[in-house]
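Let me begin by presenting the structure, written as structure tokens, before commenting on it.
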Amino acid sequence: MPEFQHSPGMRDILPPESGRWRRFQAVFAEVAEAAGYGEVMPPLMEDIGVFQRVGEHTDVVTKEMYDFVDKGERHIALRPEQTASVCRAFAQHRPLTPWKVYYAGPNFRYEKPQRGRYRQFDQVGIEVLGADDPYLDVEVIAIAWEFYKRLGLQQVTLLLNSLGEPQDRADYTAALQDYFEQHLEALSPESRITLAKNPLRVLDSKRAVDAAVLAGAPHISKFYSADAAAHFEAVQQGLNDLGIPFTIDTSLVRGLDYYRRTTFEFQGGTLDSAQNALGGGGRYDGLVESLGGPPTHGIGFALGLDRTLLACDDEGVFAAPQAVVDVFVVDTTGGREALLITAELRSAGISADRAFENRSMKSQMKGADRSGAPIAIIVGSNEVEAGVVTLRPLRGEDLQRLVPRGELISEVTQSLEQAAKEATA
RNA sequence: GUGGUCGUAGCUCAGCUGGUAGAGCGUCAGUUUGUGGUACUGAAAGUCGCGGGUUCGAGCCCCGUCGGUCACCCCA
């Protein structure tokens, strides 16, 4: 065993999996940019106050933050999510609204790790600040939906709810509190604890004993103000117009305290309940204001990279890309020819790899095979004397041939084009 | 944070009631010293997570600890 391993909940992402991560983020960037979103890159750490504004009562803030005091006596925290940072950035820079941004990168939460749940975990997401239009809600959801489609995921369920206006939410919370207190005996001990902290979140319970009580609980929909009801109606209509299927789930309560009106979550159909929340988001108010900005409407979502990838594994889509190089150079004269030829190929925009340590030809050919390259360039003493190289197709039935050293690039280019054509045919 | 479970070569695992470690895959090297993907031969590679204890003797038993995993909690 090595003396050091990564800390719990941290991981090394190695190739080819790392290529999959990069592609994941690239696809997300494409989808977001196609809708006019620009990338925002907030810092990995901030004054802890930025995150505390998100919700004084949530576990994310109270128990799970990675924080420390820096050499300037500042109380700093590693970001547990990015929404707060984006709002802080908005309050600080005051860009034109609506401000449409996306982000990708790691977040940190001090939790007990388990499958699909790490202390350093990546999310991609978008936020829009400064607009309250229900069609914006639809656009935001549609972007996530399109992203899942691009990945190839089929079994994603969109759960939709509205928490109403802050007042509606408060009224509902009070009603819920009353109801649960009347049925305290039937609630699980865990839920009773949750009830004391935040009645809304009792609805999240997955415990079987709570099911009966939950089924009889009052519904948020009875508490909507006219505005909230109209907004929610418009969102549903818009989703229907785009052909995006959704399920209303009145028990859908997001973890952070600042949400209002539209909330949504994406669930993976193939995953266990512990990690089936692929992503979620909603509309929020007051966050920018609490960070020193003007009153600003906001909406956004965050999607977990790990869980989404787990869902991809289960559905057999979005596999890790195989690292492939165009050409593998086999040199049996000591390696200098390979040095020159790979450099020449790379300068010409042709990716090329080679073996080192002067291995046997057989070993080098093995390397060529493993590299995935469609062609090998072989150089031995015969070739060097004759001023040629051997161009050896590795994938098809074509025979190898000698080409003049000076025509290397044009011959390889031609050969690669032909290989590409055969591959698609 | 609480509870269950697991931890043996790079990977996946075997190792019966305790007697100082094995397989497959992979890696490397050979099988006519210029040619890969198949086959054959061989080799390297493990302080059996770590630390204590019981025992003549522990990978197998006990305790602790670290890590993974599952459930709860929470969430992505």
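Letters go in sequence order (proteins before strands), and every chain restarts at 1.
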| task | Using the closest heavy atom to pick a nucleotide of RNA chain B for each, name whichever of A:Phe266 or A:Ser191 lands nearer the 5' end. | result | A:Ser191
| request: Look at the side chain of A:Arg201 and the base of B:C75, then say whether one donor and one acceptor between them are separated by less than 3.5 Å. | output: no
| task | Select base, sugar-phosphate, or nothing to describe what A:Lys362 touches, counting heavy atoms under 4.0 Å on all strands. | result | base
| So does A:Ser363 get a side-chain nitrogen or oxygen closer than 4.0 Å to the phosphate oxygens (OP1/OP2) of B:A29? | yes
| query | Is the backbone of A:Val31 close enough, under 3.5 Å, to the side chain of A:Arg150 for a donor and an acceptor to pair up by distance? | reply | no
| task | Look at all strands and tell whether A:Tyr118 reaches a base, only sugar-phosphate, or nothing, counting heavy atoms closer than 4.0 Å. | result | base
| A:Asp369 (side chain) and B:G36 (base): donor-acceptor pair under 3.5 Å | yes
| task | For A:Pro113 and for A:Ser381, locate the closest nucleotide of RNA chain B by heavy-atom distance; then report the residue assigned to the nucleotide nearer the 5' terminus. | result | A:Ser381
| Heavy-atom donor-acceptor pair, A:Arg307 side chain to A:Gly116 backbone, under 3.5 Å | yes
| request: Among the candidates B:A76, B:A29, B:U27, find the nucleotide nearest to the side-chain atoms of A:Gln123. | output: B:A76
| request: Spell out yes or no: do the side chain of A:Arg392 and the base of B:U35 have one donor N/O and one acceptor N/O closer than 3.5 Å? | output: yes
| query | For A:Met65 and A:Arg109, what are the C-alpha separation, side-chain angles and deciding distance, and is it a side-chain contact (heavy atoms from CB on, under 4.5 Å)? | reply | CA-CA 6 Å; A:Met65 206 110 74; A:Arg109 291 183 196 174; over 6 Å; no
| note | Residue set satisfying side chain to side chain contact (heavy atoms under 4.5 Å, CB included) with A:Pro8, at least two apart, ordered chain then number -> A:Pro113, A:Arg119
| query | When the C1' atoms of B:C61 and B:G26 are considered, how many whole Å apart are they? | reply | 35 Å
| Heavy-atom protein contacts under 4.0 Å, nucleotides 2-8 of chain B, coded B base, S sugar-phosphate only, - none | BB-----
| task | Whole angstrom is fine here: how far is it from CZ in A:Arg117 over to P in B:C75? | result | 10 Å
| said: Does anything in residues 141-152 of chain A come within less than 4.0 Å of RNA chain B? Heavy atoms only, and list the residues if so. | reply: none
| task | Write down the distance separating the P atoms in B:C40 and B:A23, rounded off to the nearest Å. | result | 16 Å
| request: In whole angstrom, give me the gap between the C1' atoms of B:A21 and B:U65. | output: 25 Å
| request: Tell which nucleotide pairs with B:C25, taking only Watson-Crick or G-U wobble pairs whose two distances are both under 3.5 angstrom. | output: B:G10
| Expressed in angstrom and rounded to an integer, what is the separation of A:Met65 atom CE from B:G1 atom C1'? | 17 Å
| query | NA contact type, A:Gly268, heavy-atom cut-off 4.0 Å: base, sugar-phosphate, or nothing? | reply | nothing
| query | NA contact type, A:Thr194, heavy-atom cut-off 4.0 Å: base, sugar-phosphate, or nothing? | reply | sugar-phosphate
| message | If I pick the P atom on B:G3 and the same atom on B:G64, what distance separates them, to the nearest angstrom? | response | 12 Å
| field | Residue pair A:Glu139 / A:Tyr37, side-chain donor-acceptor N/O under 3.5 Å | value | yes
| task | Write down the distance separating the P atoms in B:C62 and B:G4, rounded off to the nearest Å. | result | 15 Å
| message | For a quick check of understanding: with a heavy-atom distance under 4.0 Å over all strands, which category does A:Leu303 fall into, base, sugar-phosphate or nothing? | response | nothing
| message | For the P atoms, the ones on B:G18 and on B:U38, what distance do you get once it is rounded to whole angstrom? | response | 43 Å
| When the distance from CZ of A:Phe108 to P of B:C74 is rounded to whole Å, what number comes out? | 24 Å
| task | Look at the side chain of A:Gln364 against the base of B:U35 and say whether a donor-acceptor pair falls under 3.5 Å; ignore hydrogens and angles. | result | no
| request: Remember a base hit wins even if backbone is also touched, and classify A:Glu383 as base, sugar-phosphate or nothing at under 4.0 Å, heavy atoms. | output: base
| said: Using a 3.5 Å distance criterion without hydrogens, assess whether the side chain of A:Ser351 forms a donor-acceptor pair with backbone atoms of A:Asp326. | reply: yes
| said: Counting neighbours of CD on A:Gln154 that are heavy atoms of other residues, nucleotides or ligands and sit closer than 6.0 Å, is the number greater than 12? | reply: no
| task | Give the rounded distance in Å between these two atoms: NZ of A:Lys366 and P of B:G34. | result | 17 Å
| Can you find a heavy atom in the side chain of A:Gln25 that is under 4.5 Å from one in the side chain of A:Leu305? | yes
| task | With heavy atoms under 4.0 Å as the rule, sort A:Leu278 into base, sugar-phosphate or nothing. | result | sugar-phosphate
| said: One pair to check against side-chain contact (heavy atoms from CB on, under 4.5 Å): A:Asp168 and A:Leu163. What are the steps and the verdict? | reply: CA-CA 7 Å; A:Asp168 307 342; A:Leu163 297 173; over 6 Å; no
| note | Scanning all shown strands, the Watson-Crick or wobble mate of B:G57 with both distances under 3.5 Å is none
| Of all the nucleotides listed (B:U69, B:A76, B:G30), which has the minimum atom distance to the side chain of A:Glu111? | B:A76
| request: Just call it for A:Glu64: base, sugar-phosphate, or nothing, with non-hydrogen atoms closer than 4.0 Å on any strand. | output: sugar-phosphate
| Side-chain donor or acceptor of A:Asp331 paired with backbone N/O of A:Glu337 under 3.5 Å | yes
| With a distance cut-off below 6.0 Å to the six-membered ring centre and an angular limit of 45° from the axis, does A:Arg79 pair with A:Phe108 as a cation-pi contact? | no
| field | Sidechain-backbone polar pair: A:Thr173 side chain, A:Arg169 backbone, donor-acceptor under 3.5 Å | value | yes
| query | With a 4.0 Å cut-off on heavy atoms, is A:Arg359 in touch with a base, just the backbone sugar-phosphate, or nothing at all? | reply | sugar-phosphate
| Rounding to the closest angstrom, what is the interatomic distance between B:A58 and B:C50 at atom P? | 15 Å
| message | Nearest to the side chain of A:Arg115, heavy atoms from C-beta on, is which of B:A76, B:G34, B:C70? | response | B:C70
